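Because the structure is a prediction, the values reported are computed rather than measured. FYI, the numbering just counts along the sequence from 1.
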Amino acid sequence: MSAKPQVPAIDGWHTMDDKPHLIGSQCTACGTYFFPKQDDYCRNPNCDSTDFAEVELSRTGKVWSYTNACYKPPEPFVAADPFEPYAIAAVQLEREQMVVLGQVVEGLTVDDLKVGMEMELVLEALHDADENTKVTWKWQPLAQ
């Protein structure tokens with residue numbers, strides 16, 4: 001029996017590579033990065049451009065902050081039943097220096113995280129659908 005194909009839970013938010021990247025955009029006028037992608041107007045108050053390039057964002061960064069989420073996540077995330085709190089990390093991307101908030105991999109808690117800890121982007125199964133497995137991006141400590 002073959003494994004179900006893996007597909008992104010949200011199309012266009014990350015690549016499906018072995019070493020995944022978030023897919024963002026960069027304003028071609030001022031260089032400001034955005035995630036998720038921005039394509040209507042630059043949110044930098046000093047810029048009025050409407051021209052963006054799609055970019056793969058850094059897949060590594062450092063924990064800027066973290067917390068324990070004690071609420072069920074919104075769709076498309078599927079919470080465990082019974083619900084169990086999970087850890088969220090705000091990671092400052094290496095190249096862009098922007099902060100991206102996301103869940104950490106299953107099994108890690110806030111007790112495992114520290115500000116300044118190096119993290120990398122990985123893919124993790126979110127849930128099985130009839131025809132495929134939905135995956136999403138999460139943060140995990142960078143292997144040293």
Side-chain angles (χ1 to χ4, degrees), residues 3-80 83-144:
K4 291 181 185 180
Q6 293 188 334
V7 298
I10 303 174
D11 286 326
W13 278 35
H14 58 79
T15 66
M16 292 291 292
D17 306 324
D18 288 339
K19 294 191 177 224
H21 291 263
L22 294 175
I23 301 171
S25 57
Q26 184 178 25
C27 176
T28 58
C30 70
T32 301
Y33 291 97
F34 298 94
F35 177 78
K37 289 186 288 190
Q38 175 68 30
D39 61 6
D40 50 2
Y41 68 94
C42 185
R43 287 180 168 67
N44 178 340
N46 298 316
C47 183
D48 61 1
S49 177
T50 57
D51 190 30
F52 298 88
E54 184 176 290
V55 294
E56 288 185 357
L57 301 172
S58 299
R59 58 179 311 278
T60 59
K62 293 184 179 180
V63 173
W64 182 78
S65 184
Y66 57 90
T67 191
N68 198 24
C70 295
Y71 57 89
K72 286 186 178 182
E75 290 184 13
F77 297 98
V78 177
F83 172 74
E84 293 182 25
Y86 55 94
I88 295 174
V91 175
Q92 186 173 26
L93 300 182
E94 186 175 349
R95 181 181 67 245
E96 299 83 358
Q97 295 298 299
M98 67 185 283
V99 176
V100 176
L101 187 67
Q103 280 185 269
V104 299
V105 292
E106 195 172 315
L108 288 182
T109 69
V110 293
D111 294 332
D112 301 311
L113 302 173
K114 292 187 179 5
V115 169
M117 174 184 265
E118 293 187 24
M119 303 293 274
E120 69 178 334
L121 194 77
V122 297
L123 298 180
E124 192 169 82
L126 184 59
H127 66 88
D128 280 324
D130 290 337
E131 63 285 348
N132 54 39
T133 298
K134 305 285 186 184
V135 297
T136 191
W137 59 275
K138 293 188 179 182
W139 295 112
Q140 82 172 7
L142 187 63
Q144 299 294 325

- Task: Please name all residues satisfying salt bridge (Lys or Arg N to Asp or Glu O under 4.0 Å) with E96, sequence neighbours left out, ordered by chain then number.
- Result: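 So E96 forms no salt bridge (Lys or Arg N to Asp or Glu O under 4.0 Å) with any residue.
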- Sequence neighbours left out, what passes salt bridge (Lys or Arg N to Asp or Glu O under 4.0 Å) with K37? Give chain and number order.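 Applying salt bridge (Lys or Arg N to Asp or Glu O under 4.0 Å) to K37 gives E54.
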Once you round to the nearest 0.5 Å, how far does [atom1] of [X] lie from [atom2] of [Y]?
X	Y	atom1	atom2	value
D48	C42	CG	SG	8.5 Å
Y66	D111	OH	CG	8.0 Å
F52	Y41	CZ	OH	9.0 Å
L126	T136	CG	OG1	6.0 Å
K138	L123	NZ	CG	11.0 Å
K4	K134	NZ	NZ	10.5 Å

- Are V100 and W139 close enough that some pair of their side-chain heavy atoms sits under 4.5 Å apart?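 A side-chain contact exists here, since the closest heavy-atom pair is under 4.5 Å.
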- Message: A side-chain contact here means heavy atoms from C-beta on lying under 4.5 Å apart; do V63 and K114 qualify?
- Response: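 Not in contact.
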With a cut-off of 6.0 Å (strictly less than), are more than 12 heavy atoms of other residues, nucleotides or ligands near [atom1] of [X]?
X	atom1	answer
E124	CD	yes
E131	CD	yes
D40	CG	yes

Residues 16-23, side-chain donor-acceptor partners within the protein, below 3.5 Å, at least two apart:
{"unit_1": "D17", "atom_1": "OD2", "unit_2": "T15", "atom_2": "OG1", "d": "3.2"}
{"unit_1": "H21", "atom_1": "ND1", "unit_2": "L57", "atom_2": "O", "d": "2.8"}

- Item | Member of E94, E118, R95 meeting the side-chain hydrogen bond (donor to acceptor under 3.5 Å, both in side chains) criterion with T60 |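 Going through the options one by one, the only one that passes is E94.
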- Query: Taking all non-hydrogen atoms of both residues, which atom of P141 and which atom of L108 are closest, and how far apart?
  - Reply: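 Looking at all heavy atoms of both residues, the closest pair is CD-CD1, 3.3 Å.
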- Assess the pair W137 and F35: is the distance between their ring centroids shorter than 6.0 Å?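 Yes, the ring centres sit under 6.0 Å apart.
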